[in-house]
Q: 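Questions regarding the structure given below will be posed in turn.
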Number of protein chains: 2
Amino acid sequence: MRIASAERRTLLVQAALRVIAAHGVSAATTRAIVAEAGMSLASFHYAFRSHDEMMRELIGYVVDAESTAAFAVLQPGADIRTSLRDGLRAFLDYVIADPGHEQVMQELVQYSLRTPGLESMARDQYASYHRAVAELLTGGAAASGVRWAVPVDDVARLVVTVTDGLTLAWLADRDAAAAVRVIDFAADAIAALAVPLTQPIRSVP
Amino acid sequence: MRIASAERRTLLVQAALRVIAAHGVSAATTRAIVAEAGMSLASFHYAFRSHDEMMRELIGYVVDAESTAAFAVLQPGADIRTSLRDGLRAFLDYVIADPGHEQVMQELVQYSLRTPGLESMARDQYASYHRAVAELLTGGAAASGVRWAVPVDDVARLVVTVTDGLTLAWLADRDAAAAVRVIDFAADAIAALAVPLTQPIRSVP
DNA sequence: CCCATTCTGGGTCAACTGTCCCAGACGTGT
DNA sequence: ACACGTCTGGGACAGTTGACCCAGAATGGG
């Protein structure tokens with residue numbers, strides 16, 4: 001093999017993610033990971049200097065993956081309230097369909113916060129969320145012919161606050177109906193922050 | 001000693017909580033806990049059959065503690081929007097003052113969700129939160145001369161959703177100003193669910 | 001004061017962890 | 001075909017973990 005060096009790192013990271021999704025961060029031991037990847041212990045330490053180094057790369061990997069996963073389809077013409085509601089419901093459906101994935105994200109944030117030297121990665125993870133949602137909100141507003149009356153970054157933080165709270169509560173009590181009620185309320189409330197875009201915005205009125 | 005049996009269990013649980021707050025769930029090993037409690041290994045296994053049994057009791061302990069910790073002071077006469085905003089801000093101040101505590105709560109939820117046989121404790125934890133917040137909301141509404149236009153349990157879930165999302169984001173990026181903006185928005189939006197209580201409610205109008 | 005019960009100190013055990021090592025298999029360029 | 005660098009298998013290591021065991025200290029009732 002020739003190009004395997006970086007690729008095998010990715011294979012090990014993905015195997016580690018499968019182990020974490022199935023049994024949690026604490027079960028992601030070096031041996032469990034290589035077993036999942038079908039490799040031997042020596043291969044692991046040939047690709048990574050240490051288990052910690054692999055975890056660092058893993059967190060960077062999920063942050064990148066998350067920031068490019070725009071799991072919302074913007075429908076031009078729909079009003080912003082409907083777009084928000086549909087987007088949040090799609091997110092909930094996704095969590096319900098694959099609870100392991102969001103649980104991994106939550107666990108990795110905790111892991112980052114707890115591991116010396118990795119605290120900044122938790123910040124990066126949230127910055128990545130906020131940026132992705134802000135882009136979605138900007139696109140959604142344009143598609144609905146509105147603009148945000150407050151900075152879009154603030155609106156993005158609201159949305160992420162809701163999705164996080166929503167996810168945690170659903171993971172704990174699996175009450176999807178209650179989650180939908182939260183979504184409908186949040187969509188209404190957040191949509192109220194959008195104002196009609198009658199005129200192109202100009203700097204000096 | 002005579003009554004030490006139950007008391008020593010509590011002492012060990014509290015020592016375990018201190019260890020978890022300082023270094024996370026994974027650091028809460030039997031030896032670290034007895035060191036924190038100033039006991040010997042034998043004492044631990046005299047009080048608890050196993051480390052797992054202690055963790056189960058620990059989670060029950062924090063759920064009980066949380067449900068009786070009404071960390072909000074209701075001010076009669078204040079309007080409900082102000083009460084909500086002040087209550088949420090007080091919660092944020094508390095998180096900022098003692099980040100370890102809420103981080104422990106988050107970690108314990110993840111631990112419950114991951115540990116076979118403890119999944120129901122995560123549900124209990126959230127049921128406990130929702131019940132406590134619902135009581136607070138009922139009291140707050142009464143103190144402000146309003147009533148909730150939707151079931152108070154739904155309002156409670158909204159509040160818990162916000163506090164969870166708020167806490168996670170702040171733990172990650174420590175942006176208190178952004179958290180306050182979220183709070184102010186949430187207080188406005190949720191207060192809109194309250195309607196004036198002009199008449200005593202009667203079953204048949 | 002003595003004795004039975006309750007507790008503890010220290011040692012021990014097997015299991016598991018991350019890490020390392022080395023002989024040898026593999027593929028590649030010549 | 002050959003030699004060389006790249007990789008892997010299996011084994012080993014020290015450290016840590018949860019659990020246990022037993023002799024003996026502490027304690028309180030008689």
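Within every chain, numbering begins at 1; the chains are lettered A, B, ... in the order of the sequence lines, protein sequences first and strands thereafter.
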Q: If you look only at pairs with a residue in residues 109-122 of chain A, which of them pass as a side-chain hydrogen bond (donor to acceptor under 3.5 Å, both in side chains), with sequence neighbours excluded?
A: A:R114-B:E107
Q: Once you round it to whole Å, what is the distance between C1' of D:dA19 and CE of B:M55?
A: 17 Å
Q: Starting at CZ of A:R9 and ending at P of D:dC7, how long is that distance when rounded to a whole Å?
A: 13 Å
Q: Specify the separation, in whole Å, of atom CE of A:M54 and atom C1' of C:dT19.
A: 14 Å
Q: Distances under 3.5 Å between protein N/O atoms and the N/O atoms of nucleotides 15-18 of chain D, please, pair by pair.
A:
residue, atom, partner, partner atom, Å
D:dG18, OP1, B:T30, N, 3.3
D:dG18, OP2, B:T29, OG1, 3.4
D:dG18, OP2, B:T30, N, 2.8
D:dG18, OP2, B:T30, OG1, 3.1
D:dG18, O5', B:T30, OG1, 3.4
D:dG18, N7, B:R31, NH1, 2.6
D:dG18, O6, B:R31, NH2, 2.9

Q: May I have the distance from B:F44 (atom CZ) to C:dG10 (atom P), rounded to whole angstrom?
A: 19 Å
Q: Keeping the roles fixed (side chain from B:S144, backbone from B:V146), state whether a donor-acceptor pair exists under 3.5 Å.
A: no
Q: Does the side chain of A:R8 get closer than 4.0 angstrom to OP1 or OP2 of D:dT8 through an N or O atom?
A: yes
Q: Could you give the CZ-to-P distance, from B:F48 to C:dC7, as a whole number of Å?
A: 14 Å
Q: When we call it a touch if two heavy atoms are under 4.0 Å apart, what does B:S40 touch: a base, just sugar-phosphate, or nothing?
A: base
Q: Would you please confirm or rule out a distance under 4.0 Å between OP1 or OP2 of D:dC7 and any side-chain N or O of A:S43?
A: no
Q: Round to the nearest Å and state the distance from A:H23 atom NE2 to C:dC16 atom P.
A: 15 Å
Q: Rounding to a whole Å, what distance do you find between A:Y46:OH and C:dC26:P?
A: 17 Å
